[in-house]
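Quick caveat: nothing in here was measured; it's all calculated off a predicted structure. We count residues from 1, following the sequence as given.
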Amino acid sequence: MYTINGSPVTFNITAFEALCQEENITWWRSSLNSLRKLLQRKVPATSAEIEVEIGKIPVDKRKKYKDALRYVTFCWPNMIDAASLNVVADGKLSDRMTFKEYYGTMDPATDFVDLQYGISDARKLPPYMLDAGRVRFADDFNNSSHLGTGLAFGRQWNGTGVLGATRSDVRSMFRKGNTGERQNLGIGADTRQIYANSMLGSRYSPELSLAASSKTVRLDAHKSLAQMRKQHAKDADKHHLLHAQFVKSVRRACKGGIAMVASHPAYVTVEAKVHFVLDGLGDLGAMARKDTLDNERTYVAITSSELAFCCRYWDDPEFPLSDVVKFYVNGNRVQPPWEADYTLADASGKDVYSNQEAWLRYRLFRKHLSSHKPFPKMTGSTDLDEFTD
């Protein structure tokens, strides 16, 4: 039976209707009314019937009601044929190369090295500890460009900060970044410039998040509005929105880092890779659904967005991430979660469950939206003069 974190996933028509009501729906004239009637039918609808009904809904309405359609796709029973699951006892790939062995294949003469992804606690585990100078994270690029530190937005991760950040301010701070080898975390000037210019020329440019509405970024803020009110007695709602926009920009930049390795000529030439650590993530089905984190946190983990990005572009016709991204559990390379169903113990002894069905449901949900965007190709300039302003 389909579960998330060990709990069976069930569908509730009241929950579906509540998600629709968030958009002030009027059922008798709504394009979702036929779907609603199908979901209420005494004889349970088949997945094929549901897909046909969703296909009748205009694309703009599907986007408007995407939370409700996400709920149906992830919660309706038997949306995925059990026969399509690749259940394996061991998710490890046959080559058996470890994380450290793959890192050892990098060209030592280049600064365009492989990137490592995954939660910070997992990257500190023994199988992922490497010699100095060979480790590079998306965090390093973000922090050396005043983004991960929050400085470009006048924010800090703890929720404190000032108001008034403009698109020009964010862009300028991000472009200039820190100076010096120490502040740049070992990243050379030309390498950081490629990153900054790539981001600024893409749909992931950090200043673009300032145009995002409170609804668009409602699951990005690392602090609730109630917490923000304790930190900012005045204009707490404005601080909350700006903080969420700041985190949204970091979320986008992390996806951009993967795109940079996959598409920028400087990285493609040296066949750079992205090494994604799955340790510490538990049931990856929660990542596919983009569930909010526990402990009263109301935001979606950035790692969820990174994994979803890999899933969406895994078989991209121009820049297939299947050629670039490698996944690991306990230092061993494993199959991507959308291609196999397995459970493995990570380096801390806790289980990582790929939950392939959840990822197949994620792909189905994305198909329903009909909003697939072209791969965000990165072509940042290496003209040093661009950093003089």
Does any N or O in the side chain of [X] come within less than 3.5 Å of the main-chain N or O of [Y], such that one atom is a donor and the other an acceptor?
| X | Y | answer |
| --- | --- | --- |
| Asn5 | Gly282 | no |
| Ser209 | Gln245 | yes |
| Arg136 | Asp111 | yes |
| Tyr204 | Ser198 | no |
| Tyr117 | Val274 | no |
| Asp81 | Ser84 | no |
| Ser304 | Val300 | no |
| His239 | Val162 | no |
| Ser202 | Met199 | yes |
| His232 | Lys234 | no |

* No-hydrogen, no-angle side-chain donor-acceptor test under 3.5 Å, Glu207 and Ser205 ->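 Side chains of Glu207 and Ser205: pair found under 3.5 Å.
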
* Side chains of Asn12 and Tyr71: is there a donor and an acceptor less than 3.5 Å apart? ->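 No donor-acceptor contact under 3.5 Å links the two side chains.
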
* To do: Could you work out the complete set of other residues in the hydrophobic cluster of Val217, with links drawn between I, L, V, M, F, W and Y side chains under 4.5 Å apart?
  =>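 Leu241, which link up through side-chain heavy atoms under 4.5 Å apart, make up the rest of the cluster.
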
* Asked: Taking ILVMFWY side chains as joined if any heavy atoms are under 4.5 angstrom apart, and letting links pass through other members, which residues group with Met173?
  ->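 Grouped by the 4.5 Å side-chain rule, Leu151 form the rest of the cluster around Met173.
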
Partners of [X] by side-chain hydrogen bond (donor to acceptor under 3.5 Å, both in side chains), sequence neighbours excluded?
| X | answer |
| --- | --- |
| Arg203 | Tyr313 |
| Asp169 | Thr166 |
| Asn332 | none |
| Thr343 | none |

Non-hydrogen atoms of [X] and [Y] that approach each other most closely:
| X | Y | result |
| --- | --- | --- |
| Val9 | Met1 | O-CE, 4.3 Å |
| Ile50 | Ala45 | CG1-CB, 4.0 Å |
| Ala358 | Gly285 | CB-CA, 3.5 Å |
| Thr98 | Glu101 | N-OE1, 2.8 Å |

* **side chain to side chain contact (heavy atoms under 4.5 Å, CB included) evaluation trace for Tyr2 with Met79** => CA-CA 10 Å; Tyr2 172 48; Met79 285 298 289; over 6 Å; no

* Asked: Just one of Leu39, Ile57, Val72, Ile54 clears the side-chain contact (heavy atoms from CB on, under 4.5 Å) bar with Leu32, so which one?
  ->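 When side-chain contact (heavy atoms from CB on, under 4.5 Å) is applied between Leu32 and each of Leu39, Ile57, Val72, Ile54, only Ile57 qualifies.
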
* Pairs where residues 318-328 contributes a residue and the test side-chain hydrogen bond (donor to acceptor under 3.5 Å, both in side chains) is met, not counting sequence neighbours ->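 As it turns out, the side-chain hydrogen bond (donor to acceptor under 3.5 Å, both in side chains) pairs with a partner in residues 318-328, which skip direct neighbours, are His275-Tyr328.
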
* To do: Any pair with a residue in residues 41-53 that passes side-chain hydrogen bond (donor to acceptor under 3.5 Å, both in side chains), sequence neighbours left out, goes on the list, sorted by first then second residue, please.
  =>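 Residue pairs with at least one partner in residues 41-53: Arg41-Glu49, Thr46-Glu49, Glu51-Lys367.
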
* Asked: Can Lys255 and Arg312 be said to form a side chain to side chain contact (heavy atoms under 4.5 Å, CB included), step by step?
  -> CA-CA 11 Å; Lys255 292 185 288 187; Arg312 289 199 301 277; 4.2 Å; yes

Give, for atom [atom1] of [X] and atom [atom2] of [Y], the distance between the pair rounded to the nearest 0.5 Å.
| X | Y | atom1 | atom2 | value |
| --- | --- | --- | --- | --- |
| Leu242 | Leu210 | CG | CG | 6.5 Å |
| Thr160 | Lys223 | OG1 | NZ | 9.0 Å |
| Ile25 | Arg36 | CD1 | CZ | 8.0 Å |
| Leu163 | Asp235 | CG | CG | 6.0 Å |

* Asked: Parallel, tilted or perpendicular: which fits the ring planes of His243 and Trp157, with parallel below 30° and perpendicular above 60°?
  ->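 Perpendicular: the ring planes of His243 and Trp157 meet at over 60°.
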
* How would you list all residue pairs meeting ring-ring contact (aromatic ring centres under 6.0 Å, His included) that involve residues 330-360, not counting sequence neighbours? ->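 Residue pairs passing ring-ring contact (aromatic ring centres under 6.0 Å, His included), neighbours aside: Trp314-Trp338, Phe327-Trp338, Trp338-Trp359, Trp359-Tyr362.
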
Are [Y] and [X] co-members of a hydrophobic cluster defined by side-chain heavy atoms under 4.5 Å apart?
| X | Y | answer |
| --- | --- | --- |
| Val268 | Phe141 | no |
| Leu69 | Trp27 | yes |
| Tyr65 | Phe11 | yes |

* All pairs passing salt bridge (Lys or Arg N to Asp or Glu O under 4.0 Å) where residues 268-293 contributes a residue, at least two apart ->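 Residue pairs passing salt bridge (Lys or Arg N to Asp or Glu O under 4.0 Å), neighbours aside: Arg289-Asp291.
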
* Asked: How would you list all residue pairs meeting salt bridge (Lys or Arg N to Asp or Glu O under 4.0 Å) that involve residues 238-251, not counting sequence neighbours?
  ->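 Qualifying pairs, neighbours excluded: Asp220-Lys248, Asp220-Arg251.
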
* To do: Go through the steps for Gln335 and Ser354 under the test side chain to side chain contact (heavy atoms under 4.5 Å, CB included), then give the verdict.
  => CA-CA 9 Å; Gln335 299 181 66; Ser354 67; over 6 Å; no

Flag side-chain contact, heavy atom, 4.5 Å: [X] against [Y]:
| X | Y | value |
| --- | --- | --- |
| Leu321 | Phe375 | yes |
| Phe276 | Glu306 | yes |
| Arg167 | Leu208 | yes |
| Val88 | Asp341 | no |

* Under 6.0 Å between ring centres, would you say that holds for Phe365 and His368? ->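 Ring-ring flag for Phe365/His368: false, centres at least 6.0 Å apart.
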
* Asked: Does the gap between the ring centers of Phe16 and Trp76 come in under 6.0 Å?
  ->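 No, too far apart.
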
* Quick one: do Asn86 and Glu339 satisfy side chain to side chain contact (heavy atoms under 4.5 Å, CB included)? Show the steps, please. => CA-CA 7 Å; Asn86 176 28; Glu339 291 190 352; 5.6 Å; no

* Asked: Phe309 ring centre to Arg252 NZ or CZ under 6.0 Å, with the angle to the axis within 45°?
  ->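 No.
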
* Asked: What do you reckon, is CG of Asn78 surrounded by more than 12 foreign heavy atoms closer than 6.0 Å?
  ->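 No, CG of Asn78 has 12 or fewer neighbouring heavy atoms, counting only those of other groups under 6.0 Å.
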
* **Residue among Asp140, Asp139, Asp346 satisfying salt bridge (Lys or Arg N to Asp or Glu O under 4.0 Å) with Arg123** =>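 By the salt bridge (Lys or Arg N to Asp or Glu O under 4.0 Å) criterion, Arg123 pairs with just one of Asp140, Asp139, Asp346: Asp139.
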
* To do: Report the residues that fulfil side chain to side chain contact (heavy atoms under 4.5 Å, CB included) with Thr26, sequence neighbours left out, ordered by chain and then residue number.
  =>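 Once residues adjacent in sequence are excluded, the partners of Thr26 under the side chain to side chain contact (heavy atoms under 4.5 Å, CB included) criterion are Trp28, Arg29.
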
